Amino acid sequence: MRKTITVRSFTAGSTVFARSAPPAHWAGVMEGMLKLDNITEEGRVSTFAGVPSGAWFGEGSVLKDEPRPYAVTALTDSVVALLPRSEFLRLLHESHPFALWLIGQLNARLAHYVAQVQTDRLGDTTAQVAYSLSGLFNDALFPNTARRITLSQEELGRLSGVSRQVTNRALQELQERDAIRLGYGSIEVIDLKVLQAIAREG
DNA sequence: ACATTAACGATGA
DNA sequence: TCATCGTTAATGT
């Protein structure tokens with residue numbers, strides 16, 4: 001199976017999978033960071049997932065054999081592993097441990113989005129930004145995320161569903177509370193526990 | 001109240 | 001030089 005995996009590099013800003021593309025592969029991020037987003041007819045953008053190093057994604061379209069409902073874009077220079085759909089399905093059918101692992105992944109992702117809805121409904125904007133940021137450090141989903149990630153405030157804002165200006169204010173508050181340290185085009189998580197606690201405040 | 005967009009200058013890579 | 005950041009003003013709900 002290892003020989004069927006291909007590895008491709010993407011420069012920042014380039015498209016990994018176009019929207020409506022056929023689901024030819026299941027993919028994993030080896031280096032860098034991707035985002036999953038949708039664009040409406042009017043051109044409004046909704047980013048719904050950041051995909052850091054260590055994450056696998058795209059199995060939904062593969063399982064349904066439907067065109068990808070979102071675009072996948074590299075936020076930084078990235079390296080992506082691609083497993084052909086046929087190999088993914090064979091693995092799923094033949095390997096019980098793999099199937100269990102995949103169920104665990106899907107369950108962890110569901111838990112993430114359930115908690116995200118709660119934060120968006122009950123939390124203030126700082127909590128929303130804190131939750132979106134902490135989500136990139138979900139140990140069940142992305143075991144390899146580095147403490148410092150390259151991500152602009154603009155992109156984190158898109159991920160959080162708030163404007164860049166509000167994101168900037170929220171991040172400064174998180175820094176005041178010693179949860180993170182801000183850099184130029186990057187964010188370093190100092191205390192993930194504190195960040196997660198702030199994400200639960202309302 | 002509090003968020004959004006637009007706009008500005010400052011600054012880092 | 002260009003992306004990014006920090007801030008303010010005007011506007012909307």
Side-chain angles (χ1 to χ4, degrees), chain A residues 8-19 27 29-55 57 69-80 112-138 142 144-202:
Chain A
R8 284 185 59 195
S9 295
F10 296 88
T11 58
S14 62
T15 298
V16 177
F17 295 141
R19 198 172 107 87
V29 182
M30 300 173 69
E31 290 174 32
M33 172 104 70
L34 314 181
K35 69 171 174 178
L36 275 40
D37 63 24
N38 260 317
I39 305 171
T40 65
E41 295 82 1
E42 300 85 34
R44 292 186 46 84
V45 180
S46 151
T47 298
F48 64 90
V51 190
S53 174
F57 68 96
Y70 44 74
V72 181
T73 308
L75 288 178
T76 66
D77 291 349
S78 300
V79 180
V80 178
H112 171 77
Y113 281 111
V114 167
Q116 172 127 262
V117 169
Q118 175 164 326
T119 298
D120 285 350
R121 289 190 177 160
L122 301 179
D124 57 20
T125 51
T126 299
Q128 291 176 36
V129 172
Y131 186 82
S132 296
L133 180 59
S134 69
L136 298 174
F137 297 84
N138 184 323
F142 325 123
N144 299 335
T145 310
R147 278 182 39 240
R148 182 179 156 280
I149 55 174
T150 301
L151 182 69
S152 71
Q153 297 179 6
E154 170 103 46
E155 289 298 343
L156 180 58
R158 289 205 176 100
L159 192 52
S160 308
V162 298
S163 67
R164 175 181 75 79
Q165 292 86 336
V166 165
T167 302
N168 177 264
R169 285 310 194 136
L171 286 172
Q172 289 182 50
E173 185 184 335
L174 297 179
Q175 184 170 237
E176 298 276 320
R177 297 231 245 157
D178 296 320
I180 65 171
R181 190 170 316 166
L182 293 172
Y184 182 81
S186 72
I187 302 167
E188 182 181 0
V189 173
I190 302 299
D191 193 329
L192 184 57
K193 289 279 192 298
V194 169
L195 186 64
Q196 290 167 337
I198 295 172
R200 274 180 245 112
E201 292 175 5

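Nothing here was measured: the structure is a model prediction, and the numbers come from that model.
Every residue two or more places apart in sequence or in another chain that forms a ring pair (Phe, Tyr, Trp, His ring centres under 6.0 Å) with A/Y70 is listed here: A/F48. Every residue meeting the salt bridge (charged side-chain N to carboxylate O under 4.0 Å, His left out) condition with A/R158, not counting sequence neighbours, appears here in chain and number order: A/E154, A/E155. Evaluation of the side chain to side chain donor-acceptor pair (under 3.5 Å) rule for A/Q153 yields A/N168 as partners, not counting sequence neighbours. Looking at residues two or more places apart in sequence or on another chain, you find a side chain to side chain donor-acceptor pair (under 3.5 Å) between A/T126 and A/E173. Looking at residues two or more places apart in sequence or on another chain, you find no side chain to side chain donor-acceptor pair (under 3.5 Å) involving A/Q118. Not a single side chain to side chain donor-acceptor pair (under 3.5 Å) links A/N138 to another residue, sequence neighbours left out. A/T73 is linked by a side-chain contact (heavy atoms from CB on, under 4.5 Å) to A/K35, counting only residues two or more places apart in sequence or in another chain. For A/A27, the side-chain contact (heavy atoms from CB on, under 4.5 Å) partners are A/F17, A/F57, A/V80, A/L82, not counting sequence neighbours.
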Once each nucleotide of nucleotides 4-13 of chain B is scored for protein heavy atoms under 4.0 Å, what B/S/- sequence comes out, 5' to 3'? BBBB----BS
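Partner of A/V51 under the side-chain contact (heavy atoms from CB on, under 4.5 Å) criterion, chosen from A/L36, A/L136, A/V16: A/L36.
Pairs passing the side-chain hydrogen bond (donor to acceptor under 3.5 Å, both in side chains) check and including a residue from residues 183-202 of chain A, sequence neighbours excluded, read A/R147-A/E188, A/R148-A/S186, A/R177-A/E201.
Applying a 4.0 Å cut-off to non-hydrogen atoms, the residues of residues 148-160 of chain A that approach DNA chain C are A/S152, A/Q153, listed by residue number.
Put simply, chain A comes within 4.0 Å of DNA chain C, heavy atom to any atom, from C/dA3 to C/dT8, going 5' to 3'.
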